[in-house]
Amino acid sequence: MIRLRSFTLIAICTLSANLRAQKIDSWHVDAVAEEQFNSDNGRWNLSTMLDYGVNVNLWKGAQLNVGALTTYMQHDEDYLSVDKLVFSNLDTQSRLFRFSTLGLSQKVGAFTFFAGVRNTVPDYFTEDEINFFTGSAHGIHPVITENFDVATYPTSALTAQITWQINDNCRLTNTLYNGESGDRLKDEFRLGGGLKYMSAINYCSDSRSFEVGQITGRDNQMRHGTSVYAYDIEHINHKLSLIGELGRYFGYADNNNIDDGETYLCRYFGAVGALYNFDKKKSLGVVGTVAKYEDAYDDTQLEINYAHRFGALTVQPVLIIDNSDGNAQTMGLVRLSLSLGE
């Protein structure tokens, strides 16, 4: 472990020393902090994330892609809520450093090849309307995250990927992830656990955006399974967008023989919502979500989300009403987001 950390620090120092000699294509720093409150148990929590990265041009069509995450949660051993849909996509254990991306990409015509460490965040569920909401289920559906150990925030895994930019509006992404992901350096670079294959076709235009995708591999009950998902965003006009999301798991789920503490698989997921942009600074979003689990456990959630932008800073007060298997609870949060980059 000490050798791995030393190697990582040397690699980061070497990268920093050579950035001036290379052309930086793009960089970003995103800082997010939110104060959370559960009105039913009277508890508060603070959750923060720092997401930073750089893409450096190497030779023709090639780039070095580096991204990292720093997270802090005040009560990271005792979550504010036990809702399965997870009302905040920020919540995770406190960690000073982990890679979100580290690898080489090569563009050849309409194709881009990547090899290294990566997660789902840059490639799947990328529409602004989907990521406007704070609920974790919209960033990536629970038929994926509850059923498979797949590399998504805050974890990453060894990855091989091919992206085909079919035209200006349409792309096809195919990704192989190592079967076991992690958010520690020793876990992000490990091999084992088989492979997870994820793919999606994404279409985006001024009037409509949609994505249809799937993931196949060994699920969290150590059986072969497949989850498919889709979302559709209809841009009614330049202010109003309507959102629909669906997810379905196909596989053998033997929840009758699960030991205590193991994960029940999510069988169905659905959501409908709307996003209204008053102007470039103010937006209001509402989304209703339902998830169905194998053990007849249901989770429904309503999120009302308002955003006000002040340049690079965004302030979002959010109200969440959740019913987890008959246990109703009301949560609120105020999120501050600062985005810098080029």
Q.
One pair to check against side-chain contact (heavy atoms from CB on, under 4.5 Å): H138 and T289. What are the steps and the verdict?
A. CA-CA 9 Å; H138 307 290; T289 306; 3.1 Å; yes
(Q) Using a 6.0 Å cut-off, check whether atom NZ of K281 has over 12 heavy atoms from anything other than its own residue. (A) no
Q | Joint hydrophobic cluster, V66 plus F97, side-chain heavy atoms closer than 4.5 Å | A | yes
**Q.** CG (D206) with more than 12 external heavy atoms under 6.0 Å
**A.** no
Q) Do NZ/NE/NH1/NH2 and the carboxylate oxygens of R98 and E188 come within less than 4.0 Å? A) no
Q) Does G179 offer a backbone N or O that forms a donor-acceptor pair with the side chain of K196 under 3.5 Å? A) yes
Q. Considering residues at least two apart in sequence or located in another chain, which fulfil the side chain to side chain contact (heavy atoms under 4.5 Å, CB included) criterion with V272?
A. none
Q: Answer yes or no: is there a donor N or O on one side and an acceptor on the other, between the side chain of Y124 and the main chain of M198, under 3.5 Å?
A: yes
Q: For the pair R267 (side chain) and Y249 (backbone), establish whether a donor and an acceptor sit closer than 3.5 Å, ignoring hydrogens and angles.
A: yes
Q) Can you find a heavy atom in the side chain of D51 that is under 4.5 Å from one in the side chain of V121? A) no
Q: Might you confirm whether atom CG of D279 has over 12 heavy atoms from other residues, nucleotides or ligands at distances under 6.0 Å?
A: yes
**Q.** Sub-4.5 Å side-chain heavy-atom contact between Y177 and T120
**A.** yes
Q) Pick from P154, S47, S136: which one makes a side-chain contact (heavy atoms from CB on, under 4.5 Å) with D91? A) S47
**Q.** Heavy-atom side-chain contact between R208 and D232 under 4.5 Å
**A.** yes
Q. Any sub-3.5 Å donor-acceptor pair from E303's side-chain atoms to G135's backbone N or O?
A. yes
Q) Between N119 and T155, is there a donor-acceptor pair closer than 3.5 Å when you use the side chain of the first and the backbone of the second? A) yes
Q) CG of D25: more than 12 outside heavy atoms within 6.0 angstrom? A) yes
(Q) Evaluate V143 against C266 for side-chain contact (heavy atoms from CB on, under 4.5 Å), listing each step before the verdict. (A) CA-CA 5 Å; V143 293; C266 179; 3.9 Å; yes
(Q) Tell me whether E234 contacts the main-chain N or O of S209 through its side chain, where contact means a donor paired with an acceptor under 3.5 Å. (A) no
Q. Can you check whether L265's main-chain N or O pairs, donor with acceptor, with N220's side chain at less than 3.5 Å?
A. no
Q | Close aromatic pair by centroid cut-off 6.0 Å: H141 and F125 | A | yes
Q: Report yes or no: does D299 contribute a side-chain atom to a donor-acceptor pair with the main-chain N or O of L85 at less than 3.5 Å?
A: yes
Q: Could you check if a side-chain atom of R95 sits within less than 4.5 angstrom of a side-chain atom of L69, using non-hydrogen atoms only?
A: no
(Q) Whether the side chain of N55 engages the backbone of Q63 through a donor-acceptor N/O pair (distance < 3.5 Å, no angle test) should be reported. (A) no
Q) Pairs in or reaching into residues 111-120: which pass salt bridge (Lys or Arg N to Asp or Glu O under 4.0 Å), with residues at least two apart or in two chains? A) R118-D123
Q: Measure the acute angle between the ring planes of Y276 and F278, then classify it against the limits of 30° and 60° as parallel, tilted or perpendicular.
A: perpendicular
Q) Does the S156 side chain pair with the main chain of S100, one donor and one acceptor, at a distance under 3.5 Å? A) yes
Q: Quick one: list whatever passes side chain to side chain contact (heavy atoms under 4.5 Å, CB included) with N38, sequence neighbours left out.
A: D40, N41, L80, S81, Q329, M331
